[in-house]
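The structure under discussion appears below in the form of structure tokens.
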Amino acid sequence: MIDEKYIDALKALSEPNRLRLFWLFLHVDECMAVAEAMDIIGDTQYNVSRNLKMLYRAGLLNHEKKGKWVFYTLKEQTAAHCRALVDSVRQLPDDEFKEVTRRCRLRMSLRVDGECVVGPDSEVWLGLLG
């Protein structure tokens, strides 16, 4: 029997914005608020939330609500074939993700004590982008 979560993970990672988000979880930060992901990807709350939920339902991420923020984190993979899938994303060339990595590092610099405190599309964020 084929592992349904594995098929869901393959489907989830087949969309470019979900792949970018998941790559960032692996390379830049293992924790991200929806508001941060919105600014990093430059998409609406609806689309970003939907993409993160798909990664969650596929068993690739965990989520936790803290106050008004929902944070997503990497989920530990126990099955060898799922670890191999995650490793294949981890090994994608960095050059493909330069701009999104730059935006992610900028956005994460707005955290206070490791926590997201700035909502999406804030003046502070837009000021950083120039």
Side-chain angles (χ1 to χ4, degrees):
M1 188 64 158
I2 297 177
D3 180 348
E4 288 298 319
K5 285 285 187 196
Y6 183 72
I7 292 170
D8 290 344
L10 289 170
K11 288 178 189 174
L13 294 172
S14 70
E15 197 279 326
N17 279 337
R18 287 192 293 270
L19 180 62
R20 282 184 199 96
L21 282 168
F22 190 67
W23 189 91
L24 289 170
F25 278 99
L26 295 170
H27 289 277
V28 180
D29 203 312
E30 293 187 1
C31 176
M32 194 180 306
V34 173
E36 293 169 325
M38 288 170 60
D39 284 344
I40 292 164
I41 297 296
D43 207 346
T44 64
Q45 190 269 333
Y46 174 81
N47 287 338
V48 170
S49 288
R50 187 173 48 92
N51 284 333
L52 289 168
K53 279 182 191 155
M54 285 186 80
L55 292 167
Y56 166 76
R57 285 190 193 120
L60 296 168
L61 299 178
N62 295 310
H63 68 85
E64 178 184 358
K65 188 164 171 79
K66 289 184 190 173
K68 66 179 180 176
W69 307 109
V70 177
F71 287 91
Y72 284 85
T73 55
L74 282 173
K75 182 173 184 174
E76 178 88 24
Q77 299 301 316
T78 53
H81 59 285
C82 292
R83 282 195 311 271
L85 178 62
V86 170
D87 286 342
S88 71
V89 173
R90 185 177 279 119
Q91 306 215 10
L92 289 170
D94 293 3
D95 340 350
E96 301 291 324
F97 301 91
K98 275 185 184 161
E99 179 57 18
V100 77
T101 300
R102 182 188 74 79
R103 289 174 66 97
C104 187
R105 291 189 196 287
L106 265 179
R107 186 57 168 90
M108 297 304 173
S109 74
L110 297 177
R111 287 181 172 182
V112 174
D113 297 327
E115 295 287 323
C116 177
V117 294
V118 177
D121 288 327
S122 68
E123 287 183 28
V124 176
W125 168 248
L126 297 174
L128 276 179
L129 291 178

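Heavy-atom minimum distance, R107 versus P120: NH2-N, 4.2 Å. Scanning all heavy atoms of the two residues, the minimum distance from E15 to N17 falls at OE1-N, 2.9 Å. Taking every heavy atom of both residues into account, L19 and L13 meet most closely at CB-O, 3.7 Å. When all heavy atoms are compared, the tightest approach of V89 to L26 is CG1-CD1, 3.7 Å. When every heavy atom of W69 is checked against every heavy atom of C116, the shortest pair comes out as NE1-O, 3.1 Å.
Two residues are said to be in side-chain contact when any heavy atoms from C-beta on lie closer than 4.5 Å; L52 and M32 fail this criterion. Considering only heavy atoms from C-beta on, L85 stays 4.5 Å or farther from Q77 through its side chain. Looking at heavy atoms from C-beta onward, T73 lies out of side-chain contact with L61 at the 4.5 angstrom threshold. Residues R111 and E36 have side chains in contact (heavy-atom distance under 4.5 Å, counting atoms from C-beta outward). Residues L60 and K75 have side chains not in contact (no heavy-atom distance under 4.5 Å, counting atoms from C-beta outward).
Applying the ring pair (Phe, Tyr, Trp, His ring centres under 6.0 Å) rule to pairs touching residues 92-130 yields W23-F97, sequence neighbours excluded.
The backbone N or O of P93 sits nowhere less than 3.5 Å from a side-chain atom of E96 that would complete a donor-acceptor pair. Judged by distance alone, the side chain of R18 and the main-chain N or O of A12 form a donor-acceptor pair under 3.5 Å. R83 contributes a side-chain N or O that, together with a main-chain N or O of T78, makes up a donor-acceptor pair within less than 3.5 Å. Of the possible polar contacts, none joining the R103 side chain to the I41 backbone as a donor-acceptor pair under 3.5 Å is found.
Atoms NE2 and OG, from H63 and S49 in turn, are 11.0 Å apart once rounded to the nearest 0.5 Å. Here the straight-line distance linking atom CG of D39 with atom CG of L126 works out to 7.0 Å at 0.5 Å rounding. Taking CE of M108 as the start and CD1 of I40 as the end, the distance is 4.0 Å to the nearest 0.5 Å. Here E4 contributes atom CD and K11 contributes atom NZ; the two are 7.5 Å apart, rounded to the nearest 0.5 Å.
L129 and M38 are not part of a single hydrophobic cluster, where members link through side-chain heavy atoms under 4.5 Å apart. V117 is connected to V124 through a chain of hydrophobic side-chain contacts under 4.5 Å among Ile, Leu, Val, Met, Phe, Trp and Tyr, so both are in one cluster. Note: the hydrophobic cluster containing V118 does not contain L24 (ILVMFWY, side chain heavy atoms under 4.5 Å, direct or indirect links). F71 is not connected to L110 by any chain of hydrophobic side-chain contacts under 4.5 Å among Ile, Leu, Val, Met, Phe, Trp and Tyr, and they are in different clusters. With hydrophobic clusters built from ILVMFWY side chains whose heavy atoms lie under 4.5 angstrom apart, V86 shares a cluster with L10.
Counting heavy atoms of neighbouring residues, nucleotides and ligands inside a 6.0 Å radius, atom OH of Y56 does not exceed 12 of them. Heavy-atom neighbours of R90 CZ from other residues, nucleotides or ligands within 6.0 Å: above the threshold of 12.
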Legend entry - Verdict with reasoning, L21 to N51, per side chain to side chain contact (heavy atoms under 4.5 Å, CB included): CA-CA 9 Å; L21 282 168; N51 284 333; 4.2 Å; yes
Inset, instruction - Please test K5 against D8 for salt bridge (charged side-chain N to carboxylate O under 4.0 Å, His left out), starting from the C-alpha separation and ending with a verdict. - result: CA-CA 5 Å; K5 285 285 187 196; D8 290 344; 5.2 Å; no
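By the 4.0 Å N-to-carboxylate-O rule, D95 lies too far from K98 to be salt-bridged with it.
For D121, there are no salt bridge (Lys or Arg N to Asp or Glu O under 4.0 Å) partners at least two apart in sequence or on another chain.
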